[in-house]
Structure formats: C-alpha cells, structure tokens
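Let me begin by presenting the structure, written as structure tokens, before commenting on it.
Note: hydrogens, waters and symmetry copies are ignored here, and every other heavy atom, side chains too, is used. Below, chains carry the letters A, B, ... as their sequence lines are ordered, and counting in each starts from 1.
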Protein chains: 2
Amino acid sequence: MPRKLSALDPQRLDNQICFAVYSAAHAFNRVYKPLLDRLGLTYPQYLVMLVLWERDDVPVKDIGEKLFLDSGTLTPLLKRLEAAHLVRRTRSSEDERQVLISLTPQGHALKEKARAVPQSILAASDCSVSELVAMKDEIVALRDRLNAVIGE
Amino acid sequence: MPRKLSALDPQRLDNQICFAVYSAAHAFNRVYKPLLDRLGLTYPQYLVMLVLWERDDVPVKDIGEKLFLDSGTLTPLLKRLEAAHLVRRTRSSEDERQVLISLTPQGHALKEKARAVPQSILAASDCSVSELVAMKDEIVALRDRLNAVIGE
DNA sequence: CCGCATTCAATTGCGAACAATTAAATGTGA
DNA sequence: TCACATTTAATTGTTCGCAATTGAATGCGG
C-alpha cells in the first residue's frame with residue numbers, strides 16, 4: 001500500500017498545475033483590485049483598455065481574439081465602459097455587423113494614470129524582471145498548447 | 001521617440017505575466033470542460049471534490065483556505081453539490097457555527113471515475129511531467145508572494 | 001456571570017465567463 | 001438574382017468570485 005506517494009499522486013490538489021494557475025490568477029486579481037479601483041476599472045476591463053491603448057477603433061471580435069473572450073462576456077463589459085465614458089461603440093459603415101470600439105478622450109487619458117500599475121505588480125511579485133519574463137513565456141507556451149487541443 | 005520598445009513596454013498586453021496566467025487559467029478551464037461534463041462537475045466543483053477526496057468531513061472554512069475561496073462562493077457551490085447528492089452539509093455539534101462537508105457514497109465513488117482526468121490534462125499540456133512540476137512550483141511560489149502582500 | 005469582540009456561514013448585489021440561441025448583415029453558388 | 005451558409009453582436013440563463021452585510025454561536029475580560 002502506498003504510504004508516501006502523495007507527492008506523486010496525480011489526483012492530489014497540490015500536485016496539479018491547473019490549480020497553481022487558477023489560484024495564481026486569483027492572487028493577481030486581488031493584488032490588482034486596489035490599484036484598479038482608483039482607475040474605476042475591473043481587471044477584465046483593464047485588459048480591454050490595454051488592447052485599446054495599443055490600437056484604437058477595433059471591432060469587438062478582434063478584442064475577443066486577443067483576450068480569448070466571446071461576445072457574451074464582452075458586450076456587457078463594453079457597455080459598462082461606455083457608460084463610464086471611456087469608450088464609444090459604433091457600427092462600422094463598411095460592415096454593419098461589426099461594432100467598432102474607440103477610446104474617448106477620457107479613455108485615452110486613463111493610460112497615463114495607469115502607467116504606475118505594472119510597476120506595482122512587479123514589486124508585489126517580488127521577483128526579477130528576467131525571471132518573470134521567462135515564466136511568462138513558459139506559461140504562454142503552455143496556454144497555446146492547451147488552446148491548440150481545443151479544436152481537436 | 002521609442003520605435004521598437006514594444007518588447008519592453010510594461011503597459012503592453014503581451015508583456016504582462018498576469019495576462020499569461022489569466023488566459024492560461026481560461027485555457028485550462030476549456031480543456032477541463034468536456035472531461036468534467038461527463039462527471040457532472042464544473043471546474044471549481046471539481047477542486048472542492050479534490051479537497052474532499054483527500055480529507056472528508058471538513059468545515060467550509062478549511063475548504064476555503066485550501067482553495068482561496070470565501071463563503072460567498074462556496075455556500076451556493078456546496079448547495080449545488082448537495083443537490084447533486086455528492087456531499088452532505090451538517091452543522092458541527094461541537095461548534096454550531098461550523099458546517100461540515102462530507103462525501104456521500106456517490107461522492108466517494110466519483111473519485112474512481114475522475115481518475116483519468118489528470119492524465120488527459122497531462123496529454124493536453126503536451127509537456128513532460130518534470131517540466132510541469134517545475135512550472136507548477138514556480139507559479140505556486142509567485143502566487144504565495146502575491147498573497148503575502150495582500151495583508152500588507 | 002455578563003457584555004463585547006470574534007468567528008463562521010449565509011445572504012445580497014454586481015461583474016465576469018461561457019454555452020446556446022437569435023437576428024441582422026454579408027458572402028457565395030447555382 | 002435568389003436561396004443559403006457564414007459572420008458578427010446581442011441576448012438569455014447558469015455558475016463563479018468577491019465585497020459587504022447579517023445573524024447566530026463562541027470565547028474572553030472583567
């Protein structure tokens with residue numbers, strides 16, 4: 001009978017990388033919360049703003065592809081950003097199916113106020129930049145392998 | 001003016017480890033979905049079952065500490081597991097404030113049916129066990145450092 | 001023993017996340 | 001041109017996740 005096999009038991013919570021990732025995501029969320037509260041954003045809203053700060057006037061679909069989110073998540077989220085006067089939602093005239101998301105002046109201005117956020121996160125990570133970059137690349141590679149098997 | 005600094009821009013989406021973790025968590029969720037559907041569980045419910053398969057008759061608080069979740073999340077989730085006849089919820093007689101969660105026979109039996117899940121995830125990860133263990137340990141260490149700064 | 005803080009679960013309200021469906025616009029083939 | 005499939009958002013319904021509050025049980029100091 002196994003006695004000290006717990007360190008190898010694949011059915012054990014602490015041996016599962018998925019739980020490590022899951023709980024790390026929540027930990028990030030909790031660290032971000034007070035920083036983003038000051039900006040009036042939730043974390044997913046912050047991600048959308050990051051996308052828009054890189055490229056403005058983007059269809060909902062493109063945002064979804066960048067963030068791996070669908071319209072069921074994005075539509076209400078974008079309506080809240082619109083209600084907060086950070087973005088505008090306009091039907092494309094070329095393709096009436098698309099809704100283009102563009103930044104308002106307030107949305108643009110928020111980028112400056114958000115500049116300190118990544119530094120705060122880096123500090124909370126208590127880790128060198130190079131270590132974080134290496135981890136990030138590994139996690140992204142894992143994510144992409146997982147996403148690859150979704151469509152069989 | 002910066003031209004090719006995007007690889008260093010800390011405000012760029014793809015440079016943020018938090019987004020890597022966030023999107024990897026969702027990717028795991030999508031891979032788990034079809035596997036857990038067969039067990040009639042969601043991913044957070046599966047995590048609770050993993051805890052209970054390790055130790056039965058646990059107060060809600062202990063489950064919350066293991067999974068970093070609070071009663072606002074766990075109470076309704078546990079009620080759904082109870083409705084599915086996988087767990088029982090009983091007030092502790094020693095301390096009437098506590099609700100003890102115990103497995104039903106069906107709940108116990110589900111552990112066998114769930115045995116194949118970690119292997120499927122490993123296969124989807126397309127990665128050696130030792131690599132995954134190393135990544136897991138790094139991510140857990142990062143998570144614990146993040147959680148450490150929450151309470152200042 | 002009593003008053004009071006603490007602990008624990010439950011509740012309420014809001015914002016994701018996603019499956020499934022709907023509806024409108026567009027593209028394509030006969 | 002017209003039937004039909006595809007694309008794109010929006011909608012509906014269920015489940016998380018958490019902040020804030022509530023209420024009951026417990027523990028502690030005086």
Side-chain angles (χ1 to χ4, degrees), chain A residues 18-19 22-34 36-37 39-49 58-65 67-84 86-87 89-101 147 150, chain B residues 18-19 22-34 36-37 40-49 58-65 67-84 87 89-101 147 150:
Chain A
C18 62
F19 176 63
Y22 169 90
S23 54
H26 290 321
F28 268 118
N29 217 328
R30 284 190 285 271
V31 173
Y32 269 104
K33 183 101 189 10
L36 296 181
D37 276 350
L39 305 178
L41 294 174
T42 64
Y43 180 68
Q45 288 169 7
Y46 173 68
L47 292 180
V48 169
M49 295 303 288
V58 187
V60 173
K61 184 178 193 296
D62 288 21
I63 299 176
E65 281 172 3
L67 301 181
F68 306 97
L69 297 173
D70 67 3
S71 68
T73 301
L74 287 173
T75 296
L77 186 156
L78 290 167
K79 284 183 178 177
R80 283 187 283 270
L81 287 180
E82 187 181 39
L86 295 172
V87 307
R89 301 161 60 249
T90 52
R91 289 269 161 197
S92 165
S93 53
E94 300 156 19
D95 185 340
E96 293 275 340
R97 292 171 301 183
Q98 293 188 345
V99 169
L100 298 177
I101 308 299
N147 277 332
I150 307 264
Chain B
C18 62
F19 176 62
Y22 168 91
S23 54
H26 290 319
F28 268 118
N29 217 326
R30 285 190 285 271
V31 173
Y32 268 104
K33 183 103 191 5
L36 296 181
D37 276 350
L41 295 174
T42 65
Y43 181 69
Q45 289 169 5
Y46 173 68
L47 292 180
V48 169
M49 295 304 287
V58 187
V60 173
K61 185 177 194 296
D62 288 21
I63 298 176
E65 281 172 3
L67 301 181
F68 305 96
L69 297 173
D70 69 2
S71 68
T73 300
L74 288 174
T75 296
L77 187 156
L78 290 167
K79 284 182 176 176
R80 283 186 283 270
L81 287 180
E82 187 181 40
V87 308
R89 299 163 59 249
T90 52
R91 288 268 162 199
S92 164
S93 52
E94 298 154 21
D95 186 341
E96 293 275 341
R97 292 171 301 183
Q98 293 188 343
V99 169
L100 299 177
I101 308 300
N147 278 331
I150 307 267

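Between the P atom of D/dC18 and the CG atom of B/Leu67 lies a distance of 11 Å, rounded to the nearest Å. We find that OH of B/Tyr43 is positioned 17 Å from C1' of C/dC18, with the value rounded to whole Å. Distance CG (B/Leu69) to P (D/dA19): 12 Å, rounded to an integer number of Å. Atoms CG (A/Leu81) and C1' (C/dA16) sit 12 Å apart, rounded to a whole Å. When rounded to the nearest whole Å, the span between CD of B/Glu82 and P of C/dA9 equals 14 Å. Distance B/Lys33 NZ to C/dA20 C1': 11 Å, rounded to the nearest Å. If you take CG of B/Leu77 and C1' of D/dT14, they are 13 Å apart, rounded to a whole angstrom. For A/Arg80 and C/dG13, the CZ to C1' distance is 13 Å, given to the nearest whole Å.
Closest-nucleotide positions on DNA chain C for A/Ser93 and A/Asp70 were compared, and the one nearer the 5' end corresponds to A/Asp70.
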How does each nucleotide of nucleotides 5-13 of chain D score, in 5' to 3' order, for protein heavy atoms under 4.0 Å: base (B), sugar-phosphate only (S), or none (-)? --BSBBB--
side-chain contact (heavy atoms from CB on, under 4.5 Å) between B/Val60 and B/Ile101, intermediate numbers included: CA-CA 7 Å; B/Val60 173; B/Ile101 308 300; 4.0 Å; yes
Begin from the C-alpha positions of B/Tyr22 and A/Asn29 and carry the test side-chain contact (heavy atoms from CB on, under 4.5 Å) through to its verdict. CA-CA 9 Å; B/Tyr22 168 91; A/Asn29 217 328; over 6 Å; no
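Using a 4.0 Å cut-off on heavy atoms, none of the residues of residues 22-32 of chain B approach DNA chain D.
Judged as a side-chain hydrogen bond (donor to acceptor under 3.5 Å, both in side chains), and not counting sequence neighbours, A/Tyr43 has no contacts. Taking B/Asp62 as the reference, B/Arg55, B/Val58, B/Pro59 meet the side-chain contact (heavy atoms from CB on, under 4.5 Å) condition, with sequence neighbours excluded. A/Ser92 is linked by a side-chain contact (heavy atoms from CB on, under 4.5 Å) to A/Glu94, A/Asp95, A/Gln98, A/Leu100, counting only residues two or more places apart in sequence or in another chain. With sequence neighbours excluded, no residue forms a salt bridge (charged side-chain N to carboxylate O under 4.0 Å, His left out) with A/Glu96. With sequence neighbours left out, A/Tyr46 forms a side-chain hydrogen bond (donor to acceptor under 3.5 Å, both in side chains) with no residue at all.
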Considering only distance and modelled atom types, tabulate donor-acceptor pairs under 3.5 Å from the side chains of residues 75-84 of chain B, sequence neighbours left out.
{"unit_1": "B/Thr75", "atom_1": "OG1", "unit_2": "B/Ser71", "atom_2": "O", "d": "3.0"}
{"unit_1": "B/Glu82", "atom_1": "OE1", "unit_2": "B/Arg89", "atom_2": "NH1", "d": "3.2"}

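Counting only heavy atoms from C-beta on, B/Glu96 has its side chain closest to D/dT26 among D/dT26, D/dT15, C/dC18.
Under the 3.5 Å distance criterion, the side-chain polar atoms of A/Asn147 are left unmatched by any main-chain donor or acceptor of A/Ile150.
Not one side-chain nitrogen or oxygen of B/Thr42 sits closer than 4.0 Å to the OP1 or OP2 atom of D/dT14.
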